[in-house]
Amino acid sequence: MNEIYKCPKCSDDLGMSGGKYCCWNSDCDFCSYRPWISPPEKIEEFDISKDLENIIGECLSASGYGPFFVDEGAKDNPYWEYETLLGFPPEEVQKISKQWPNVNISDVHVSELISFCFCNLINYPHRCEKYWSEYLSVSREQLIEFATFWRKSKYVQST
């Protein structure tokens with residue numbers, strides 16, 4: 001089970017990903033890196049389209065609340081693969097989804113989560129196509145187009 005750490009600034013829960021503790025409270029800017037991992041450079045922000053912003057919100061919601069990455073057959077732990085796919089536990093994805101679009105999109109871990117949501121909704125064999133339109137207002141082909149635009153944005157770190 002993941003340990004929950006509290007933000008020293010606002011006492012909200014801290015998330016941990018990639019060696020970084022982040023407060024997901026949109027009113028708090030606390031971030032702390034493990035000393036042996038150097039932080040990435042801050043990515044310059046730019047305006048994304050309202051359409052892309054809406055689709056990102058839908059992807060976060062679908063990933064956080066939908067059936068796409070839940071294994072109903074694994075009664076003991078239906079979320080056994082969730083964090084491997086998205087890099088975050090479901091509670092953190094849900095928290096970011098609730099706060100969207102009032103999150104720091106230039107934070108490397110938020111941008112990685114968005115990329116993982118796009119990638120896994122498009123490519124992961126979740127067998128939940130019948131639920132697609134309940135969570136997403138675009139087809140898979142349209143989602144691929146939005147994902148392509150997202151990958152070309154300044155928010156995505158090239159590796």
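In what follows, every heavy atom counts, from backbone to side chain, and hydrogens, waters and symmetry copies are set aside.
Follow the hydrophobic side-chain contacts under 4.5 Å out from Trp100 and you never reach Tyr65; the two are in separate clusters. Grouping the Ile, Leu, Val, Met, Phe, Trp and Tyr side chains by contacts below 4.5 angstrom, directly or via other members, places Phe149 with Leu143.
In terms of the side-chain hydrogen bond (donor to acceptor under 3.5 Å, both in side chains) criterion, Thr84 has no residue partners (sequence neighbours excluded). For Thr148, the side chain to side chain contact (heavy atoms under 4.5 Å, CB included) partners two or more places apart in sequence, or in a different chain, are Ile144, Arg151, Lys152.
Applying the salt bridge (charged side-chain N to carboxylate O under 4.0 Å, His left out) test to every pair with at least one member in residues 135-145, sequence neighbours left out, gives these pairs: Glu129-Arg140. Sequence neighbours left out, the pairs with a member in residues 114-126 that pass side chain to side chain donor-acceptor pair (under 3.5 Å) are Glu81-Tyr124, Ser115-Trp150. Applying the side chain to side chain donor-acceptor pair (under 3.5 Å) definition to pairs two or more places apart or across chains, those involving residues 67-79 are Asp71-Trp80. Within the structure, the salt bridge (charged side-chain N to carboxylate O under 4.0 Å, His left out) test picks out the following pairs touching residues 48-59 (sequence neighbours left out): Lys50-Glu53.
Between the CD atom in Glu92 and the OH atom in Tyr82 there is a gap of 10.0 Å [rounded to 0.5 Å]. Rounded to the nearest 0.5 angstrom, Cys117 SG and Ile96 CD1 are separated by 8.5 Å. Ile105 contributes atom CD1, which lies 4.5 Å from atom CD1 of Ile114 (distance to the nearest 0.5 angstrom). Taking OG of Ser137 as the start and CD of Gln142 as the end, the distance is 8.0 Å to the nearest 0.5 Å.
Side-chain contact check for Lys95 versus Phe88: every heavy-atom pair is 4.5 Å or farther apart. When side chains are defined from C-beta on, Leu121 does not count as touching Tyr135, because their heavy atoms never get closer than 4.5 Å. Taking 4.5 Å as the limit, some side-chain heavy atom of Ile55 sits within range of a side-chain heavy atom of Val138. Using a 4.5 Å heavy-atom threshold, the side chains of Leu85 and Phe116 count as separate.
Taking both residues in full, the closest heavy atoms of Ala62 and Phe68 are given as O-CD1, 3.5 Å, listed atom of the first, atom of the second, then distance. A pairwise comparison of heavy atoms in Ser106 and Asn104 identifies OG-OD1, 2.6 Å as the closest pair. Heavy-atom minimum distance, Val108 versus Ser111: O-OG, 3.0 Å.
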